[in-house]
Amino acid sequence: MAQKPSIPKGTRDFSPIEVAKRSYIMNTIRTQFQHYGFQPIETPSFEKSSTLMGKYGEEGDRLIFKILNSGDYLSKVKDDAFAKANSNALTPQISEKALRYDLTVPFARYVVQHRNDIVLPFKRSQMQLVWRADNPQNNRYREFCQCDADVVGSDSLWQEVEFVQLYDAVFTALKLEGVTIKMNNRKILSGIAEVIGASDKLIDFTVALDKLDKIGKEKVIAEMLSKGISEEAIKTVDPLFTISGSFGDQLATLKGLLATSETGMQGIEELVFINEAIESLGLESATLQLDVTLARGLNYYTGAIFEVAAPEAVKMGSIGGGGRYADLTGIFGLKDVSGVGISFGLDRIYNTIEQLDLFPEEAIEGIKVLFINFGKEEALYAMKAIKQLRSNGITAVLYPDAAKMKKQMTYANRREIPFVILAGGEEMENKTFALKDMVAGEQETVTLDALIERLK
RNA sequence: GUGAUUGUAGCUCAGUUGGUUAGAGCGCCUGAUUGUGGUUCAGGAGGUCGCCGGUUCGAGACCGGUCUUUCACCCCA
């Protein structure tokens with residue numbers, strides 16, 4: 001047992017059933033992406049370090065998996081880097097490539113690199129693995145799949161409206177009811193910071209505010225104080241800690257609070273537009289909610305912020321998120337191209353659907369019928385029938401060996417194959433098949449045509 | 001990256017203050033039953049106790065390191 005092989009921390013193997021269920025979710029998302037006009041692209045699993053480093057904040061660089069250079073990489077290192085034993089100085093000299101950390105930055109790189117071939121506004125979808133050298137936790141892995149849809153080259157708020165609809169469409173198609181799409185706007189957060197005279201502490205302020213429902217008002221205030229935000233300022237925004245009501249009600253409260261902030265009022269106008277559009281268009285199964293405490297996400301969100309919460313019955317973090325970045329491609333030298341996008345958290349959606357037992361049977365269907373192997377002649381007779389079944393779209397297999405009956409039947413049981421065919425001398429003579437229903441235990445003798453009809 | 005936590009058969013877990021040959025249930029294999037599985041009965045296989053080292057006459061148990069699990073922080077899907 002000791003020598004049993006294993007996989008690295010934070011990675012997973014997927015069994016056939018798990019792959020089938022994941023495919024079901026991914027296919028559902030893919031279909032909706034397509035309906036909304038997003039074109040799938042793929043990018044390499046690793047990028048040049050210079051593309052990724054420094055794009056995710058100082059914490060982010062630590063979480064990027066670096067790839068060691070090929071060859072005798074140490075021979076090129078300058079002596080003083082060794083002498084100082086400084087990892088930060090040494091790393092760029094021995095590693096020039098790194099595994100992709102998310103899909104957004106590679107997409108920004110893609111847009112800039114292929115700017116002459118892309119027709120703006122460009123709607124792209126991407127479903128690929130990303131890697132983070134984080135410590136694994138519940139529903140957090142070091143290798144996981146992101147399902148992203150983004151638009152670049154359009155400032156229109158209709159994009160935001162469409163993303164709300166897209167979330168709704170996907171979760172409706174997955175029969176996942178009761179999902180809450182939470183929205184906020186970076187401009188509102190900026191406005192609040194402006195009003196309380198703490199614009200320079202915007203990030204500290206929002207990071208603390210984001211924890212409100214997790215650690216409570218008292219601790220949020222304590223954290224704000226510790227970051228140097230004045231008691232007076234916190235009192236000014238006291239309504240934020242208890243704000244409630246409908247999307248419109250909350251906007252009204254905010255209007256009073258942010259009246260003196262141009263940026264803040266702009267954020268409110270944007271949310272009013274989106275809310276009115278969605279109210280008029282309607283949602284199938286999800287609910288749109290304003291959440292002013294929502295600050296999650298990367299520092300580069302400049303407008304809309306999205307986060308999706310699973311139905312309340314399941315204890316699960318967010319199952320999706322996204323937002324708008326006014327200058328997505330600026331980091332790669334292409335100015336004034338706005339991007340807005342959302343992401344679906346595949347693993348968390350999987351676990352939510354699993355907990356609610358919402359995977360449809362068709363999604364995990366395996367072998368439909370097993371032919372018992374009685375010997376060479378009988379196997380050939382079976383294979384001819386199997387060929388016909390398969391060409392009719394039925395998953396059929398022959399047990400490969402003429403093993404004991406019990407062994408073959410047990411195989412059918414363990415693989416949860418619903419039907420078994422017994423075809424021996426008598427059936428071959430009459431050109432028939434004995435079809436056994438493994439669940440009901442009943443058996444009947446049928447012709448090939450009838451067999452195809454029964455199993456279709 | 002910081003601080004805790006977990007690891008004994010395929011799975012879920014027992015295992016006394018360190019003391020012979022480490023157990024149970026389920027699962028698996030074989031047979032009762034050579035064209036009929038899921039039930040029943042009988043029998044059987046399977047573990048250098050995560051790994052490496054240390055203390056000891058003696059370690060699954062104690063100590064150190066390492067890997068892994070889970071969790072909190074950071075951050076995030």
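Source: prediction; values computed, not measured. Residue numbers start from 1 in every chain, and the chains themselves are labelled A, B, ... in the order their sequence lines are given, proteins ahead of strands.
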Separation of atom CE in A:M409 from atom C1' in B:rU33, rounded to whole Å: 13 Å

Residue A:K9, side-chain heavy atoms: nucleotide from B:rU36, B:rU69, B:rA77 that is nearest: B:rU69

For nucleotides B:rC63 and B:rC71, find the distance between their C1' atoms and express it as a whole number of Å. 25 Å

A:K214 side-chain N/O to B:rC73 phosphate OP1/OP2 under 4.0 Å: yes

Report the distance from atom CD1 of A:I417 to atom P of B:rU36, rounded to the nearest whole Å. 19 Å

Under 3.5 Å donor-acceptor pair, A:K404 side-chain atoms to B:rU34 base atoms: no

Does a distance-only test, which skips hydrogens and angles, find a donor-acceptor pair under 3.5 Å between the side chain of A:R140 and the base of B:rC75? yes

Can you check whether A:F344 stacks with the B:rA77 base, using ring centres under 5.5 Å and planes within 30°? no

Assess the residue pair A:D291 and A:E307 against the criterion (side-chain contact (heavy atoms from CB on, under 4.5 Å)); give the C-alpha distance rounded to whole Å, side-chain angles, the decisive distance to 0.1 Å, and a yes or no. CA-CA 9 Å; A:D291 183 353; A:E307 185 165 307; over 6 Å; no

Rounded to whole Å, the CD-C1' distance (A:E426 to B:rG35) equals 10 Å

Over all strands shown, is A:E427 touching base, sugar-phosphate only, or nothing at heavy-atom distances under 4.0 angstrom? base

Rounded to whole Å, the CG-P distance (A:L63 to B:rG1) equals 10 Å

With sequence neighbours left out, which residue pairs that include part of residues 28-47 of chain A fulfil the salt bridge (charged side-chain N to carboxylate O under 4.0 Å, His left out) condition? A:E47-A:R109

Protein-nucleotide distance (A:Y56, atom OH; B:rC75, atom C1'), rounded to Å: 14 Å

Any N or O donor-acceptor pair under 3.5 Å from the base of B:rU2 to the side chain of A:N135? yes

Has the side chain of A:K407 got a donor or acceptor that lies under 3.5 Å from a partner of the other kind on the base of B:rG37? no

Taking OP1 and OP2 of B:rG38, is either one under 4.0 Å from a side-chain nitrogen or oxygen of A:N413? no

Using atom OH of A:Y411 as one end and atom P of B:rC29 as the other, report the distance to the nearest whole Å. 13 Å

Just how far, in rounded Å, is C1' of B:rC75 from OH of A:Y301? 14 Å

Between B:rC73, B:rU69, B:rU36, which one does the side chain of A:Q137 approach most closely? B:rC73

